[in-house]
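This chain uses plain numbering: 1 for the first residue, then up along the sequence. When reading the values below, keep in mind they use all heavy atoms of this one structure, side chains included, and skip hydrogens, waters and symmetry mates. Just so it is clear, the model here is predicted, and its values are computed rather than measured.
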Amino acid sequence: MTSKRLLQSLRNLPTFKWLSGRNFVIAVPYAWLTMAFLVPFLIVLRISFTEMENAGNPFGHLFSYVDGAVLLKVKISNYLFITQDDLYVLTYLSSLKFAAITTALCLFIGYPFAYFMARAKATLRPVLMMLVMLPFWTSFLLRIYAWKGILANHGILNDLLIKLGLIAEPLHMMNTQFSLIIGMVYAYLPFMILPLYANLVKMDVRFLEAAADLGATPLQTFWRITVPLSKSGIIAGSMLVFIPAVGEYVIPELLGGPETLMIGHVLWDEFFTNNDWPMASSVTVVVILLILVPMAIFNKYKADQEGRA
């Protein structure tokens with residue numbers, strides 16, 4: 001029996017019927033998400049319900065066997081403390097605010113650039129794509145640290161403005177909300193441009209021609225045809241920017257100031273300064289829920305709308 005026939009006979013067995021190319025391709029990303037996200041999340045979730053001295057225990061003394069009964073011991077004081085302490089609440093709100101501002105600015109700047117790339121000549125698109133990807137060829141830390149030299153009181157930007165006579169004394173731009181937002185927009189802008197470009201470049205231009213034939217102005221065509229058809233790219237780019245921006249640590253640490261405290265810095269303090277792993281894990285779980293729950297509700301709402309349509 002050849003190997004091909006042997007494989008076919010195995011597939012006909014009930015145990016091996018799932019061995020198909022389609023099921024295998026679907027199983028690979030699910031297995032990756034399970035190992036890369038679900039398992040680490042469950043570990044962090046378990047630590048958040050234990051005491052610090054039990055954080056390294058595989059079960060963290062969550063379960064105990066007493067008089068023939070299995071008891072579950074869960075510590076929720078960390079989560080109660082998060083809701084009662086203004087520091088955590090304000091930090092969560094601050095992180096969401098800066099992430100939302102960054103996402104909006106990336107969309108405002110990235111959409112025209114992605115539109116230009118999608119409508120450019122086919123021979124020019126690889127060059128434009130390379131320009132978008134070029135910053136990734138340099139270390140992320142070095143690129144962010146370079147903004148300190150640009151925005152400092154005696155940095156490149158202030159010196160240039162003084163030489164041009166636009167200002168008389170240096171502007172204070174470093175360690176402010178301005179410097180933080182500039183750094184975050186610079187770092188995450190490619191993550192907005194690439195999904196938008198991938199969506200816009202596949203758009204059927206016959207829709208635009210039909211709108212023009214019906215008398216629509218270019219602005220009307222853009223708002224009524226281009227933007228709705230690129231909605232999936234806008235959503236994908238916004239998620240790619242917003243989700244990592246909420247937990248950003250490096251940029252606020254290098255470019256931010258006291259008024260730009262974000263949840264990433266709080267997590268660092270809880271893990272490495274206070275050495276309170278259960279508290280840090282609780283903060284992490286709340287951050288994940290703040291991001292995933294609205295996303296799940298939005299996806300369900302979108303799926304319901306598509307189902308009705």
Under 3.5 Å: donor-acceptor pair, side chain of Thr273, backbone of Glu270: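 Answer holds: no.
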For Glu248, the option from His265, Met184, Glu253 that meets side chain to side chain contact (heavy atoms under 4.5 Å, CB included):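 It is Met184; the other options fail the test.
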Co-membership, hydrophobic cluster, residues Ile76 and Leu289, 4.5 Å side-chain: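 Cluster IDs for Ile76 and Leu289 match.
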Cluster link Leu229 to Phe116, ILVMFWY, side chain under 4.5 Å: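 In one cluster: yes.
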Specify the closest pair of heavy atoms between [X] and [Y], including all atoms of both residues, with the distance to one decimal.
{"X": "Ala187", "Y": "Ile251", "value": "CB-CD1, 3.7 Å"}
{"X": "Phe191", "Y": "Leu240", "value": "O-CD1, 3.7 Å"}
{"X": "Ile263", "Y": "Gly247", "value": "CG2-CA, 4.1 Å"}
{"X": "Asn78", "Y": "Ser282", "value": "CB-OG, 3.1 Å"}
{"X": "Ile162", "Y": "Glu169", "value": "CD1-C, 4.3 Å"}
{"X": "Gln220", "Y": "Ala216", "value": "OE1-CA, 3.5 Å"}

Taking the side chain as everything from C-beta on, heavy atoms only, tell me whether [X] gets closer than 4.5 Å to [Y].
{"X": "Leu151", "Y": "Phe178", "answer": "yes"}
{"X": "Met174", "Y": "Leu254", "answer": "no"}
{"X": "Leu96", "Y": "Val246", "answer": "yes"}
{"X": "Thr176", "Y": "Glu259", "answer": "yes"}
{"X": "Leu180", "Y": "Met262", "answer": "yes"}
{"X": "Pro40", "Y": "Leu42", "answer": "no"}
{"X": "Leu105", "Y": "Leu189", "answer": "no"}
{"X": "Ile101", "Y": "Gln177", "answer": "no"}

Tyr145 and Ser139: side chain donor to acceptor below 3.5 Å: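 No, no side-chain donor-acceptor contact under 3.5 Å.
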Gln84 and Tyr79 side chains, donor-acceptor separation under 3.5 Å: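 No pair is found: no donor N or O on one side chain lies under 3.5 Å from an acceptor on the other.
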Close aromatic pair by centroid cut-off 6.0 Å: Phe113 and Phe108: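 Ring-ring flag for Phe113/Phe108: false, centres at least 6.0 Å apart.
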Over 12 non-hydrogen atoms of neighbours within 6.0 angstrom of CZ in Phe136: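 Atom CZ in Phe136 is crowded, with more than 12 foreign heavy atoms closer than 6.0 Å.
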Within 6.0 Å of OH in Tyr249, more than 12 heavy atoms from elsewhere: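 Check passes, neighbour count above 12.
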Over-ring placement of Arg224 relative to Phe222, 6.0 Å and 45° cut-offs: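 No; the conditions do not both hold, so Arg224 does not lie above the ring face of Phe222.
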side-chain hydrogen bond (donor to acceptor under 3.5 Å, both in side chains) pairs, two or more places apart, involving residues 90-112: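 Residue pairs with at least one partner in residues 90-112: Tyr111-Ser230.
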Whether Phe37 and Phe41 hold their rings parallel, tilted or perpendicular, with breakpoints at 30° and 60°: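 Taking Phe41 first and then Phe37, their aromatic rings lie parallel (interplane angle under 30°).
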